[in-house]
S.K.: 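First the structure, which I've put down as structure tokens, then a few questions once you've had a look.
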Number of protein chains: 4
Amino acid sequence: MDMIIRLESASGRPLYQQIVDQVKHMVAAGTLRSEDRLPTVRELAADLIVNPNTIAHAYQQLEREKVIETRRGLGSFICNSGSPLSKAVRIAMVADLIDRALVEAHHLGIEADGVRAILEDRLVQLGRSEEKSHV
Amino acid sequence: MDMIIRLESASGRPLYQQIVDQVKHMVAAGTLRSEDRLPTVRELAADLIVNPNTIAHAYQQLEREKVIETRRGLGSFICNSGSPLSKAVRIAMVADLIDRALVEAHHLGIEADGVRAILEDRLVQLGRSEEKSHV
Amino acid sequence: MDMIIRLESASGRPLYQQIVDQVKHMVAAGTLRSEDRLPTVRELAADLIVNPNTIAHAYQQLEREKVIETRRGLGSFICNSGSPLSKAVRIAMVADLIDRALVEAHHLGIEADGVRAILEDRLVQLGRSEEKSHV
Amino acid sequence: MDMIIRLESASGRPLYQQIVDQVKHMVAAGTLRSEDRLPTVRELAADLIVNPNTIAHAYQQLEREKVIETRRGLGSFICNSGSPLSKAVRIAMVADLIDRALVEAHHLGIEADGVRAILEDRLVQLGRSEEKSHV
DNA sequence: GTGGTCTAGACCACA
DNA sequence: GTGGTCTAGACCACG
């Protein structure tokens with residue numbers, strides 16, 4: 001199975017960050033599971049046609065966030081260990097992201113109920129993408 | 001009334017982006033309303049003790065997003081936009097931000113109910129800052 | 001004032017890690033205080049005769065650990081914000097380091113009281129180096 | 001009796017180093033005593049499911065540190081060393097490790113009394129693992 | 001001028 | 001063969 005990552009070099013978002021985002025998304029969606037092995041740094045670099053250092057940077061950030069663990073000489077693997085951050089910090093991080101979504105929603109003319117509906121929809125989508133990957 | 005903006009030079013988020021965020025936040029909360037006049041670039045630069053270029057950059061972005069309108073020789077004013085984007089596009093933009101929050105929440109060990117609770121909390125916070133502005 | 005860092009390229013310990021260690025040591029000892037400005041990446045690179053990327057790597061790690069904060073376009077500054085890690089994790093980290101010291105002490109024939117004495121001595125030294133820097 | 005070693009492939013710490021640490025820990029705790037025989041390289045490699053080279057590397061380092069002694073054709077044995085280093089050097093080595101713990105503790109917001117408490121706790125833990133080995 | 005990102009390519013430790 | 005470290009040098013966003 002290939003891990004499918006799609007980079008947009010024009011997006012302004014750093015390449016390594018796009019990789020981090022997409023791996024985290026796949027883990028949250030269940031497409032990648034605990035103990036799954038990621039492509040090696042060199043493989044993914046060749047696949048995405050970017051410098052191996054860029055991939056290494058992304059993998060190191062994923063490891064710092066405890067999304068993956070790297071076993072020397074073997075490769076990198078998804079792990080599901082809990083975040084070492086304090087609960088208050090974790091909630092603040094999510095609250096900040098929710099805040100941004102709410103402000104943006106207001107400017108786009110989407111009210112509270114609309115945001116609630118979108119939230120429920122995305123929760124379902126994230127859950128279902130797991131089933132999709134088994135079809 | 002002064003427009004109160006608080007910058008964190010350490011947040012990693014660019015200063016101009018923080019200004020954009022906070023102006024949009026104030027509009028979302030009702031602290032700023034259509035036709036309200038913003039401080040001039042120079043005034044705000046002196047107030048926040050930052051480079052005027054930084055303020056100008058922020059105002060330009062706000063104008064691009066149709067949050068404010070600059071009238072030659074008169075200053076910048078909040079305009080009630082009415083987003084020109086289609087409903088589907090607008091929902092997709094908010095859904096994308098919600099998605100990021102959900103992915104992050106998953107990795108921080110915060111489940112669906114936790115995110116719902118945070119959403120309700122932030123909705124209340126946004127509402128309250130509106131009430132404060134009515135005092 | 002120069003920030004004095006001494007690298008041993010033969011020590012096996014990565015250069016960037018040696019820089020991180022020494023900055024943290026100086027902060028703990030009071031030689032560097034909140035709001036003190038660090039040399040720029042390029043300055044320190046020229047000073048230590050290493051690649052600027054190596055310094056940048058060290059500074060980024062210090063920022064992740066909330067030892068310094070970097071203000072875009074201005075430089076890096078010592079900050080004294082608390083660790084975002086949960087208390088249990090923080091205690092475990094220190095306990096692990098203490099454990100290593102205890103095991104090493106045993107193999108070197110130093111018993112519990114000896115280690116306690118060394119601890120008290122180092123506590124005093126760390127405190128005093130602050131006074132020394134003011135002479 | 002088997003020598004129980006538990007490796008964490010995710011810890012970042014090299015496997016061979018973890019083996020060295022744990023053997024030294026067992027000697028410090030009294031679980032292993034002078035003249036005790038260690039498993040052969042092949043036995044331990046099979047037991048831990050790692051490359052024999054890794055075990056050999058660990059044993060070589062233990063021998064360099066005079067923790068074990070390899071007797072041709074007989075195997076490896078714990079030796080009660082008696083470090084050849086001068087007292088001043090030995091104290092300096094432990095002091096350096098304590099220093100690192102203190103610097104880390106400072107940055108994690110753990111004060112002197114907290115470190116003292118952790119030290120006493122770890123001393124008790126080391127002692128208890130010795131008692132367990134007497135059962 | 002400041003740090004951040006990315007490329008290219010070398011060397012080393014580890015398994 | 002795997003990732004980690006370091007060098008060298010380019011380009012860009014930010015202030």
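Keep in mind that the numbers below use all heavy atoms, side chains included, and drop hydrogens, waters and symmetry copies. Naming: A, B, ... by sequence-line order, numbering from 1 per chain. Just so you know, these numbers come straight off a predicted model, no measurement behind them.
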S.K.: Can you tell me if the side-chain N/O atoms of A:Q60 get under 4.0 Å from OP1 or OP2 in F:dG4?
M.R.: yes
S.K.: Starting at the 5' end of DNA chain F and moving along, which residue's nearest nucleotide shows up first, C:P52 or A:P39?
M.R.: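 On the 5' side of the pair lies A:P39.
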S.K.: How close or far is atom P of E:dT2 from atom CG of C:L44, stated in whole angstroms?
M.R.: 13 Å
S.K.: Taking pairing as Watson-Crick or G-U wobble with both contacts under 3.5 Å, can you name the mate of E:dC14, or confirm there isn't one?
M.R.: F:dG1
S.K.: Once you round it to whole Å, what is the distance between P of E:dA15 and CZ of A:R37?
M.R.: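 So the CZ-P distance, A:R37 to E:dA15, works out to 15 Å.
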S.K.: How would nucleotides 8-15 of chain F be written as a contact map, 5' to 3', with B for base contact, S for sugar-phosphate-only contact and - for no contact, using protein heavy atoms under 4.0 Å?
M.R.: BB----SS
S.K.: Taking the side chain as every heavy atom from C-beta outward, state whether D:V41 and D:Y59 have any atom pair closer than 4.5 Å.
M.R.: yes
S.K.: Do D:M3 and D:M26 have side-chain heavy atoms sitting under 4.5 Å apart?
M.R.: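 With C-beta onward as the side chain, the pair touches.
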S.K.: Given atom CD of C:E69 and atom P of E:dT2, what is their separation to the nearest angstrom?
M.R.: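 About 18 Å, once rounded to whole Å.
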S.K.: From CG of A:L62 over to C1' of F:dG3, roughly how many Å is that when rounded to an integer?
M.R.: 14 Å
S.K.: For B:E8, does the CD atom sit with more than 12 other heavy atoms under 6.0 Å from it, leaving out its own atoms?
M.R.: no
S.K.: Flag the pair C:L38 / C:L44 as yes when at least one side-chain heavy-atom distance between them is below 4.5 Å, and no otherwise.
M.R.: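 Counting from C-beta outward, C:L38 and C:L44 never come under 4.5 Å.
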S.K.: Can you tell me the distance, in whole Å, between the OH atom of C:Y59 and the C1' atom of E:dT5?
M.R.: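 To the nearest whole Å, that distance equals 19 Å.
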S.K.: Would you mind reporting whether B:E104 and A:K24 have side-chain heavy atoms less than 4.5 Å apart?
M.R.: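 Yes, their side chains come closer than 4.5 Å.
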S.K.: To the nearest Å, give me how far apart CD1 (A:I55) and P (F:dT5) are.
M.R.: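 The distance from CD1 of A:I55 to P of F:dT5 comes to 17 Å, rounded to the nearest Å.
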S.K.: Check the distance between E:dT5's C1' and A:I19's CD1 and give it to me in whole angstrom.
M.R.: 12 Å
S.K.: Can you confirm whether C:H25 sits close enough to C:D21 that some side-chain heavy atom of one is under 4.5 Å from a side-chain heavy atom of the other?
M.R.: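 No, too far: nothing below the 4.5 Å cut-off.
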S.K.: Distance-only, no hydrogens or angles: does the B:Q61 side chain make a donor-acceptor pair with backbone N or O of B:Q17 under 3.5 Å?
M.R.: no
S.K.: Both distances below 3.5 Å, Watson-Crick or wobble geometry, any strand: find the nucleotide opposite F:dA8.
M.R.: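 WC or wobble partner is E:dT7.
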S.K.: What integer distance in Å separates A:R64:CZ from F:dG3:C1'?
M.R.: 15 Å
